[in-house]
There are 2 protein chains.
Amino acid sequence: MTQRETPLAAPAEQGGEKKLSRIQQRNRTRIMEAALDVFAAHGFRGATLDQIAKAAGLSKPNLLYYFDGKEAIHVMLLNRLMETWLNPLEEMDPNGDPLEEVMDYIHGKLQMSREFPRESRLFANEILQGAPRMKPHLESSLKPLVDEKTALLRQWMDNGKLAAVDPRHLLYSIWATTQHYADFEVQIDVLKPDDEDPIEGADTYLDTLFRKLLTP
Amino acid sequence: MTQRETPLAAPAEQGGEKKLSRIQQRNRTRIMEAALDVFAAHGFRGATLDQIAKAAGLSKPNLLYYFDGKEAIHVMLLNRLMETWLNPLEEMDPNGDPLEEVMDYIHGKLQMSREFPRESRLFANEILQGAPRMKPHLESSLKPLVDEKTALLRQWMDNGKLAAVDPRHLLYSIWATTQHYADFEVQIDVLKPDDEDPIEGADTYLDTLFRKLLTP
DNA sequence: CTGAATTTTTACCACTTGGTAAATTGACGA
DNA sequence: TCGTCAATTTACCAAGTGGTAAAAATTCAG
């Protein structure tokens with residue numbers, strides 16, 4: 001089961017520390033991979049350093065040679081994640097066709113649920129627990145971006161390019177419906193009658209849902 | 001399966017229940033309340049018996065006098081939750097007006113996010129971690145109900161009472177959008193510009209969203 | 001009131017967990 | 001080849017965890 005390469009693969013570029021040996025590169029990457037697996041599956045407190053170390057093929061003290069502690073690993077994963085997560089929304093282009101821009105965003109978001117379910121669950125876990133390690137990041141990164149894009153959406157609506165709805169709730173519903181396929185995967189697997197990929201059907205369903213909503 | 005625990009705070013629908021002293025009633029209820037708080041906020045592994053005991057105003061050994069262990073408390077909470085959770089869907093009436101039945105379901109679901117956010121988060125936590133203690137329950141309770149109601153929805157669609165969409169994905173999107181307001185509450189609080197209740201706006205937004213989708 | 005049953009507390013314990021100190025091995029350029 | 005620094009292992013701990021035994025306190029029927 002080869003896991004897809006994630007954007008988390010590259011190690012941190014902490015100011016100044018650029019010189020990383022090949023061993024450092026390799027092991028840090030392996031640790032981040034393993035930690036993503038374990039944190040996504042069990043949450044922060046549910047994950048143990050032993051699990052992560054084992055999954056990374058290292059001893060626990062060896063793991064702690066590379067990172068300052070459990071929390072440091074988690075924080076680094078979350079920071080990495082935010083870039084990837086915000087990217088599709090950032091790319092919503094004020095000069096593009098409004099409806100198609102939103103639909104592209106939706107399909108992109110859904111695609112991320114399929115490609116990066118662990119990242120989605122990592123995020124969901126963190127938010128569910130009250131975002132103890134990410135709230136500042138949300139305020140500083142997510143909020144400004146959302147404010148900007150809701151303004152853009154409202155403008156499109158004012159110009160009659162999109163049906164008028166609350167832009168904030170529109171975003172919520174896009175996030176909710178797309179991430180649901182990653183975060184509640186177990187439930188969906190229980191309920192699905194056939195063996196086909198649920199996200200396949202989701203793609204056409206969500207297209208209909210939001211197109212009907214937003215077509216002026 | 002050795003013991004059959006008594007449901008406590010929840011109305012005892014099962015027959016053959018033993019009489020519980022007033023002290024038992026009171027303390028079991030308090031424990032369940034406290035446990036719901038703690039499990040919803042921290043997940044199963046993140047919660048500790050000490051936290052629960054403290055929140056319930058009891059000592060840890062005293063708490064364990066009433067329940068067989070941490071897992072037993074968690075399982076009981078989940079079982080009680082399932083009834084509440086499935087109830088609105090069960091009430092979707094084959095003899096009612098199709099569109100209004102679905103819309104009632106949506107509004108009811110949203111109302112539950114507002115009234116029982118802890119229950120929603122308890123459920124979300126369990127599913128996110130792979131539903132280790134609830135998968136059987138999902139198969140035995142949720143799946144049959146969903147199969148029944150998707151059949152009903154499909155029938156309504158075939159009769160032209162509802163626009164034709166995938167009924168399963170319709171349910172997913174209803175769950176996702178409504179529960180989102182409880183499960184991602186922290187995020188929504190960060191993003192909301194004013195002090196008004198986000199669920200207020202959600203109510204009209206979701207009404208528009210699903211009405212546009214389903215109106216034939 | 002009184003004695004038995006119920007409830008609560010006190011004092012533990014075995015195990016897990018995140019983390020550390022120091023000794024040991026490995027890599028690699030001069 | 002050697003010396004040095006990077007990488008890894010070994011042997012630990014202190015705190016926290018779920019859980020238990022048994023004594024102490026409380027409740028309550030008769």
Side-chain angles (χ1 to χ4, degrees), chain A residues 11-12 14 16-39 41-78 125 129 132-133, chain B residues 2-3 5-6 8-9 17-39 41-78 125 129 132-133:
Chain A
Q14 295 269 16
E17 302 216 24
K18 290 198 170 181
K19 195 179 177 185
L20 288 174
S21 72
R22 226 172 285 108
I23 291 180
Q24 290 252 3
Q25 281 279 4
R26 178 176 54 90
N27 281 348
R28 282 183 183 256
T29 305
R30 286 167 68 168
I31 291 170
M32 297 281 276
E33 257 303 298
L36 177 58
D37 257 7
V38 176
F39 280 132
H42 305 292
F44 180 73
R45 287 207 56 186
T48 71
L49 287 181
D50 288 292
Q51 285 177 293
I52 298 172
K54 188 180 174 187
L58 299 172
S59 68
K60 185 170 59 175
N62 198 185
L63 184 154
L64 288 164
Y65 170 76
Y66 289 100
F67 288 92
D68 280 341
K70 188 183 181 181
E71 183 141 354
I73 303 177
H74 194 244
V75 166
M76 185 159 305
L77 278 175
L78 289 177
N125 260 306
Q129 322 279 304
R133 279 165 276 275
Chain B
T2 45
Q3 98 295 12
E5 272 295 347
T6 30
L8 20 108
E17 283 308 332
K18 294 185 178 177
K19 50 199 169 188
L20 289 173
S21 73
R22 228 170 283 109
I23 290 179
Q24 290 251 5
Q25 280 282 4
R26 177 175 54 90
N27 281 348
R28 283 183 181 253
T29 306
R30 287 167 66 171
I31 291 170
M32 296 283 276
E33 258 303 299
L36 177 57
D37 256 7
V38 176
F39 281 133
H42 305 290
F44 180 73
R45 289 207 54 189
T48 72
L49 287 181
D50 288 290
Q51 284 177 295
I52 298 172
K54 188 180 175 188
L58 299 172
S59 67
K60 185 171 60 176
N62 198 186
L63 183 154
L64 288 165
Y65 170 76
Y66 289 98
F67 288 92
D68 281 341
K70 187 182 180 182
E71 183 141 355
I73 304 176
H74 194 242
V75 166
M76 183 158 306
L77 278 176
L78 289 177
N125 260 307
Q129 322 279 304
R133 279 165 276 274

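None of the values given here were measured: they were computed from a predicted structure. We use all heavy atoms of the structure for the numbers below, so side chains are in, but hydrogens, waters and symmetry mates are not. Note on naming: letters A, B, ... go to the chains in the order of the sequence lines (proteins, then strands), and numbering restarts at 1 for each one.
A:Ser59 comes within contact range of at least one nucleobase, with a heavy-atom separation under 4.0 Å. Using a 4.0 Å heavy-atom cutoff across all strands shown, A:Ala47 reaches sugar-phosphate atoms only and no base atom.
Residue pairs satisfying the ring-ring contact (aromatic ring centres under 6.0 Å, His included) criterion with at least one member in residues 49-69 of chain A, sequence neighbours excluded, are absent.
Neither OP1 nor OP2 of D:dA6 sits under 4.0 Å from any side-chain N or O of A:Asn27. Proximity of B:Tyr65 to the phosphate of C:dT8: no side-chain N or O atom is located under 4.0 Å from OP1 or OP2. Phosphate contact (OP1/OP2 of D:dT8, side-chain N/O of A:Tyr66, threshold under 4.0 Å): present. Between B:Gln24 and C:dT7, a side-chain N or O to OP1/OP2 separation shorter than 4.0 Å is present.
With contacts defined as side-chain heavy-atom distances shorter than 4.5 Å, the pair B:Gln51/B:His42 qualifies.
The nearest whole Å value for the distance from the CD1 atom in B:Ile73 to the P atom in D:dG18 is 10 Å. D:dA7 atom P lies 13 Å from atom CZ of A:Phe67, rounded to whole Å. Summarising the geometry, the separation between CD1 on A:Ile52 and C1' on C:dT17 is reported as 12 Å, rounded to the nearest angstrom. One atom, CD1 of B:Ile31, and another, C1' of C:dT7, lie 12 Å apart when rounded to the nearest Å. Residue A:Asn62 contributes atom CG, which lies 14 Å from atom C1' of C:dG19 at whole-angstrom precision. Distance, B:Arg26 CZ to C:dT7 C1': 10 Å, rounded to whole Å. To the nearest angstrom, C1' of C:dG18 lies 15 Å from NE2 of A:His74. Rounding to whole angstrom units, CZ of residue A:Arg45 and P of C:dG18 are separated by 10 Å.
Residue B:Asn62 holds its CG atom at 6.5 Å from CG of B:Asn27, rounded to the nearest 0.5 Å. We find the CD1-CG distance between A:Ile52 and A:Leu58 to be 11.5 Å, quoted to the nearest 0.5 Å.
Taking all atoms of both residues into account, the shortest heavy-atom contact from A:Met32 to A:Leu77 is O-CD2, 3.8 Å.
Distances were taken from every side-chain heavy atom of A:Asp50 (C-beta onward) to each of C:dG18, C:dT7, D:dA7; the shortest belongs to C:dG18.
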Could you go through nucleotides 19-29 of chain D and list every protein N or O atom that sits under 3.5 Å from one of its N or O atoms, giving the distance for each pair?
unit_1, atom_1, unit_2, atom_2, d
D:dG19, OP2, B:Lys70, N, 2.9

Exercise for review: For side chain to side chain contact (heavy atoms under 4.5 Å, CB included), just list the numbers for B:Arg45 and A:Thr48, CA-CA rounded to whole Å, side-chain angles, deciding distance to a tenth of an Å, and then say yes or no.
Suggested key: CA-CA 11 Å; B:Arg45 289 207 54 189; A:Thr48 71; 4.0 Å; yes
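Between the side chains of B:His74 and B:Arg133, a donor-acceptor pair is found at a separation under 3.5 Å.
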